[in-house]
Amino acid sequence: MALKATIHKAELQLADLDRGHFADYSLTIARHPSETDERMMVRLLAFALNASPTLAFGRGLSSEDEADLQDLDATGSIERWIDVGLPDEKAIRRACNRSRQVVVLSYGARAAEVWWEQTAGKVSGQKNLRVLALTPDDSRALTELAQRNMRLQCTIQDGVIWLGSENRHVELSPKVLLSIDE
């Protein structure tokens, strides 16, 4: 018998000063049986960094040809394709061809460094790609916030993220590996 996803709920109060975006979100996050708390929380962080009224979680791990998160316009076209982890360069190029903007939020310690060394030259020509990296300490700190029911506050200013619950707060500074502005 196949294992079912575990449902997590998150009430997210977001103040993104960098984008001038302020909103409250009630999120339902389906955690795939093979997904770790760390990956789920990185997906939640990716949501906070790119939040909009039309941003939604995709099927991610259960469907290789879909984004972890995607933002669709009124016609159903993909405005923003967001992947977390270490997607291969073919998947990144395919996403860049299917959407207006692609964001990759990588994590994974040494594996992430090796992935970027091998992938950077192959994707650097993509004009609609932004790649961010979390340190191992940052992704571990996110894991400590994971609960089945979460009430989180998030403030983003000058690229620094403060994310917390009533019991724990973390400060994160994802490193920009590749930016659309370059």
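Only this structure's heavy atoms are used, side chains among them; waters, hydrogens and symmetry mates stay out.
When side chains are defined from C-beta on, I29 counts as touching M40, because their heavy atoms get closer than 4.5 Å. Two residues are said to be in side-chain contact when any heavy atoms from C-beta on lie closer than 4.5 Å; V104 and V123 fail this criterion. With contacts defined as side-chain heavy-atom distances shorter than 4.5 Å, the pair Y25/L152 does not qualify. In this structure, the side chains of L134 and L45 come closer than 4.5 Å at one or more pairs of heavy atoms. N128 is not listed as a side-chain neighbour of R100, based on a closest heavy-atom distance of 4.5 Å or more.
Below 30°, between 30° and 60°, or above 60°: for F47 and F57 the angle between ring planes is below 30°, a parallel geometry.
Between the R31 side chain and the E35 main chain, a donor and an acceptor come within less than 3.5 Å of each other. A side-chain donor-acceptor contact under 3.5 Å links S139 to the backbone of P136. Between the S106 side chain and the L132 main chain, a donor and an acceptor come within less than 3.5 Å of each other. A distance-only check finds no donor-acceptor pair linking the side chain of D158 to the backbone of V160 [under 3.5 Å]. The main-chain N or O of E11 is never found under 3.5 Å from a side-chain atom of D24 such that the two would form a donor-acceptor pair. Judged by distance alone, the side chain of R19 and the main-chain N or O of A51 form a donor-acceptor pair under 3.5 Å.
The two residues P174 and G159 have their closest heavy-atom pair at CD-O, 3.8 Å. Closest approach of D88 to A91, counting heavy atoms only: OD1-N, 2.7 Å.
Atom CD1 in I7 sits 8.0 Å away from atom CZ in R148 (nearest 0.5 Å). We find the CG-CG distance between D68 and L105 to be 9.5 Å, quoted to the nearest 0.5 Å. How far CG of D37 is from CG of L145: 10.5 Å, rounded to the nearest 0.5 Å. The distance from atom CD of Q157 to atom CH2 of W162, rounded to the nearest 0.5 Å, is 5.5 Å. Here CZ of R151 is found 12.5 Å from CG of N167. Values are rounded to the nearest 0.5 Å. The NE2 atom of H8 sits 10.0 Å away from atom CD of Q147, with the distance rounded to the nearest 0.5 Å.
Heavy atoms from other residues, nucleotides or ligands lying under 6.0 Å from CD of E117 number more than 12.
Through chains of ILVMFWY side-chain contacts below 4.5 Å, F22 is grouped with L17.
The closest side-chain donor-acceptor pair between D73 and T75 falls under 3.5 angstrom. For Q70 and W81, the side-chain atoms include no donor-acceptor pair closer than 3.5 Å.
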Decide side-chain contact (heavy atoms from CB on, under 4.5 Å) for L177 and L129; before the verdict, give the C-alpha distance in whole Å, the side-chain angles of both, and the deciding distance to 0.1 Å.
CA-CA 10 Å; L177 300 177; L129 176 62; over 6 Å; no
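With respect to D71, the side chain to side chain contact (heavy atoms under 4.5 Å, CB included) criterion is satisfied by exactly one of T54, N50, I78: T54.
Under the 4.5 Å side-chain heavy-atom criterion for grouping Ile, Leu, Val, Met, Phe, Trp and Tyr, V114 is not connected to I92 through any hydrophobic cluster.
With sequence neighbours excluded, no residue forms a ring-ring contact (aromatic ring centres under 6.0 Å, His included) with Y107.
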